[in-house]
Amino acid sequence: MDNKEIASLFQDIADILEIKGENVFKIRAYRRASSNIAGLSRQLSDIYHEDPSEVSNIPGIGKDLAAKIAEMVTTGHLEFYSELAGEFPRGFLDLLDVGGLGPKKLKKLRDVLGVENIDELEKACRDGKVAGIEGMGEKTQSKLVQEIVRIRENEGRFLAGTAGLLADEVISYLSEAGGIGKIEKAGSLRRGVEVVGDIDILAWAGEPEKAIERFVSFPGTSEVMARGQTRASIRVRGACQVDFRIVDKQCYGAALVYFTGSKQHNVKIRHIAKKKELKLNEYGLFTAAASGEEKPVAGKTEQEVYKKLGMSWIPPELREDRGEVEAALRGELPKDLIEYGDVRGDLHLHTVDTDGQMTLEQLMRKAVEKGYEYIAVTNHSKLVRIAGGMDGEELLEHVDDIRKVARKFRQLKVLAGVEVDILKDGTLDLEDKFLKELDIVVAAIHSNFSADKETQTKRVIRAMENRYVNMLAHPSGRLITKRNALELDMDRVFRAAAENNVMLEINTHGQRVDLNDAHCMRAKEMGARFSINTDAHDTAQMDGTGLGIATARRAWLRKKDVINTYKFDELKKALKR
DNA sequence: GCCGTTTTCGGCCCGACTGTTTTCAGTCG
């Protein structure tokens, strides 16, 4: 079992224990373990097989959970879970995904009405039986029906790219009206997470009521889910939930910390506050209540809050309780963490010569506009017929064209390259005699996605061993919500990348984000370097580097880890094999 | 179930909103 599976199993156990009314702290322990495991950069099975005692050194993993992990990595299943899950019918736990339905109500529904899955819940609601239960009324009942309908319509998760655009829309809509002091995204969107469940927006405003009023009338609002004096939630276009909170200017920083999360990060810094006999909440940092009245210590800015807690400001992308709090306390946060303006060029781009929408000139003009120092044009090789992939001769002509056009753009260095397909056996779709004529060779998989792990791993490594390959594009091959990642032994792939000086791509396309943050952390540990590329097929996509930089920051990557932050001369050196 | 410069017991983050209540439980973040 891999970390993802183990983490989700622990999450399921927590859900079940909650329904069973178990000790809340036990439940919390499972959730914490789950979240910590999901954020690990190494596979638990590897850690276990190397040294079983290491497992209980992971925060939140004690004797009991370590034993459960041992069972999972050795046998592939967990008896404890099987027993628990056996008590509930299939599909019952999915009911926790229904908004407004928590463990308590769920238990009641099962005990009183015998509801065991979403279909039965819907029927019970439509028959009017739910409203009869103690503690539930007409409103609960009709809300549940609405919620069920929504769940059936979509999965409830949104690509950060999509959600980010909507958030920007809402923010500019709110700002236009005036009266807003400061406003920005919070939550997982601010932390740069690739997939989000909702959008959080935080503001301070002179007249909160007016701001709330405007918010709930955002065009496209299909439902006002909650509306109070300082916070409200809407659903936009029947899908994405947007939460809006207004706070006082004086506590904006504390609120921003609070609403940015992550939850685990907040728990940890509250803990630190407590140790200092302070209390931290969304209204500020206060002297603890035990001493009588609470006096504010900080709150206006995030910097102030972190400072009073004895640490430096922590970039939002790092706030996942992956050691950032401890590092900040020691003053050892990475000083040269990659910044949003650091990328000097895009090294994976397509034009109309294969499946892109841009002509060479359009592409280069856009690159100049963006202030890039260099780019690489990397069209497809022949295997990708559907994308108009080129054979060797065509490619050489194309390279001539690129160099000709590039002469008109003196301020921009242009690398003539290719995105060459990795064939089934790990050889490349173009012979070396063509590859050696190019400035950059990006290798990628676009076929045979379902090969087994050993085959797939060998395939990728063999491709990277080709001396002309400079970069591995979208290494895991996943398409979020559409296609699972390739079966790959990532550690071996990363090691081979480091050994062969092959750059690993952080592909910023919203549906890819590939490598992801956990991969990047691990790959960095193994000595690999990266390139943040958009893989753009049109000019708008060329603006998408932000998500890749966020991912790199989440992985604590420094500028020097990412080669397309280098000056051109250094880049050329970095690409030498 | 985890954890420990107050350690092997006794803590474990906390406030807003909703719906159902008539003082609060449940849910959410």
Side-chain angles (χ1 to χ4, degrees), chain A residues 10 13-15 17-19 21-37 55-69 80 95-109 130-144 147 186-191 196-202 208 212 224-233 241-247 251 254-255 257-286 288-289 294 321:
Chain A
F10 278 170
I13 290 175
D15 288 341
L17 295 178
E18 202 156 19
I19 292 167
E22 273 274 6
N23 179 310
V24 290
F25 298 109
K26 187 189 212 174
I27 294 160
R28 201 174 288 173
Y30 274 100
R31 294 209 194 283
R32 187 154 92 94
S34 170
S35 138
N36 288 352
I37 290 167
V55 173
S56 49
N57 284 340
I58 297 165
I61 310 288
K63 214 175 114 206
D64 284 29
L65 293 186
K68 290 190 169 71
I69 288 168
F80 176 65
L95 288 174
L96 280 171
D97 294 335
V98 179
L101 206 52
K104 300 272 165 56
K105 284 186 185 169
L106 195 49
K107 187 174 189 304
K108 207 174 261 183
L109 284 168
V130 171
I133 297 177
E134 188 195 354
M136 298 186 218
E138 292 287 341
K139 282 201 171 175
T140 305
Q141 181 167 276
S142 60
K143 273 247 148 127
L144 286 176
E147 197 55 23
S188 50
L189 212 46
R190 182 165 181 246
R191 300 200 311 278
V196 303
D198 62 10
I199 293 171
D200 293 292
I201 295 172
L202 181 72
I212 293 278
V224 177
M225 304 170 68
R227 178 190 181 157
Q229 292 183 323
T230 59
R231 56 190 281 183
S233 300
Q241 180 179 333
V242 186
D243 295 342
F244 181 44
R245 280 108 167 171
I246 299 179
V247 297
C251 61
V257 171
Y258 182 85
F259 291 119
T260 296
S262 66
K263 204 167 185 173
Q264 293 299 342
H265 175 87
N266 287 353
V267 166
K268 183 148 275 180
I269 58 174
R270 274 211 198 108
H271 207 76
I272 289 175
K274 195 155 193 182
K275 274 199 255 174
K276 290 181 178 293
E277 295 200 325
L278 298 169
K279 190 178 82 169
L280 179 65
N281 58 28
E282 59 262 57
Y283 300 109
L285 186 63
F286 302 91
E294 296 178 355
D321 191 22

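Every value quoted in this text rests on a predicted model; they were computed, and no experiment measured them.
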Fill in the blank from the handout: Under a 3.5 Å limit on both distances, the Watson-Crick or wobble mate of B:dC3 is B:dG10

Using OP1 and OP2 only, check whether a side-chain N or O of [X] sits under 4.0 Å from [N].
X: A:Lys263; N: B:dG29; result: no
X: A:Thr140; N: B:dT20; result: yes
X: A:Thr230; N: B:dG15; result: no

Choose from [options] the nucleotide whose nearest atom is closest to any side-chain atom of [X].
X: A:Tyr258; options: B:dC14, B:dT18, B:dT20; result: B:dC14
X: A:Arg231; options: B:dG15, B:dG26, B:dT18; result: B:dG15
X: A:Tyr283; options: B:dG1, B:dT18, B:dA16; result: B:dA16
X: A:Ala29; options: B:dG1, B:dT20, B:dG15; result: B:dG1
X: A:Lys139; options: B:dG1, B:dG26, B:dT20; result: B:dT20
X: A:Leu65; options: B:dG1, B:dG15, B:dG26; result: B:dG1
X: A:Arg32; options: B:dC2, B:dG26, B:dG29; result: B:dC2
X: A:Ala226; options: B:dG1, B:dT18, B:dG15; result: B:dT18

Practice task
Scan A:Gln141 against the nucleic acid and name what it touches under 4.0 Å (heavy atoms): base, sugar-phosphate only, or nothing.
Solution key: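 The answer is nothing, as A:Gln141 stays clear of every strand by at least 4.0 Å.
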
Practice task
Looking at every strand, decide which applies to A:Leu101 at a 4.0 Å heavy-atom threshold: base, sugar-phosphate, or nothing.
Solution key: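 Counting heavy atoms under 4.0 Å across all strands, the contact made by A:Leu101 is with sugar-phosphate only.
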
Handout entry: Closest-nucleotide 5' rank along DNA chain B - winner of A:Gly60 and A:Ile133
Key =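 Closer to the 5' end of DNA chain B: A:Gly60.
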
Handout entry: Parallel, tilted or perpendicular: rings of A:Tyr30 and A:Phe80 (30°, 60°)
Key = parallel

Whole-Å [atom1] distance, [N] and [M]:
N: B:dT6; M: B:dG1; atom1: P; value: 28 Å
N: B:dC14; M: B:dT22; atom1: C1'; value: 25 Å
N: B:dA16; M: B:dC12; atom1: C1'; value: 22 Å
N: B:dC2; M: B:dT7; atom1: C1'; value: 13 Å
N: B:dT27; M: B:dT21; atom1: C1'; value: 16 Å
N: B:dC17; M: B:dT23; atom1: C1'; value: 16 Å

In whole Å, I'd like the distance from the [atom1] atom of [X] to the [atom2] atom of [N].
X: A:Arg31; N: B:dC28; atom1: CZ; atom2: C1'; result: 12 Å
X: A:Asp198; N: B:dC28; atom1: CG; atom2: P; result: 12 Å
X: A:Lys143; N: B:dT20; atom1: NZ; atom2: P; result: 10 Å
X: A:Met225; N: B:dT18; atom1: CE; atom2: C1'; result: 12 Å
X: A:Ile61; N: B:dG1; atom1: CD1; atom2: C1'; result: 10 Å
X: A:Lys104; N: B:dG19; atom1: NZ; atom2: P; result: 19 Å
X: A:Glu282; N: B:dC14; atom1: CD; atom2: P; result: 11 Å
X: A:Glu138; N: B:dG19; atom1: CD; atom2: C1'; result: 12 Å

When you measure from the side chain of [X] to the backbone N and O of [Y], does any donor-acceptor pair fall under 3.5 Å?
X: A:Asn266; Y: A:Ile269; result: no
X: A:Arg231; Y: A:Asp243; result: no
X: A:Gln141; Y: A:Ala131; result: yes

Fill in the blank from the handout: Separation between CE (A:Met136) and NZ (A:Lys105), nearest 0.5 Å, reads 6.0 Å

Handout entry: Reported CD1-to-CZ distance for the pair A:Ile61 and A:Phe10, which is rounded to 0.5 angstrom
Key =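 Rounded to the nearest 0.5 Å, the CD1-CZ separation comes out at 5.5 Å.
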
Completion exercise
Glycosidic torsion of B:dT7 (syn if within 90° of 0, anti otherwise) classifies it as syn

Handout entry: Sub-4.5 Å side-chain heavy-atom contact between A:Leu109 and A:Leu101
Key = yes

What nitrogen or oxygen pairs link the protein and nucleotides 4-12 of chain B at under 3.5 Å?
residue: B:dC12; atom: OP1; partner: A:Lys274; partner atom: NZ; Å: 2.9

Problem - Heavy-atom closest pair, residues A:Ser262 and A:Asp321 - result: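 Closest approach of A:Ser262 to A:Asp321: OG-N, 4.5 Å.
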
Practice task
With A:Leu189 as reference, evaluate A:Val196, A:Asp200, A:Asp198 under the side chain to side chain contact (heavy atoms under 4.5 Å, CB included) test and give the passing residue.
Solution key: A:Val196

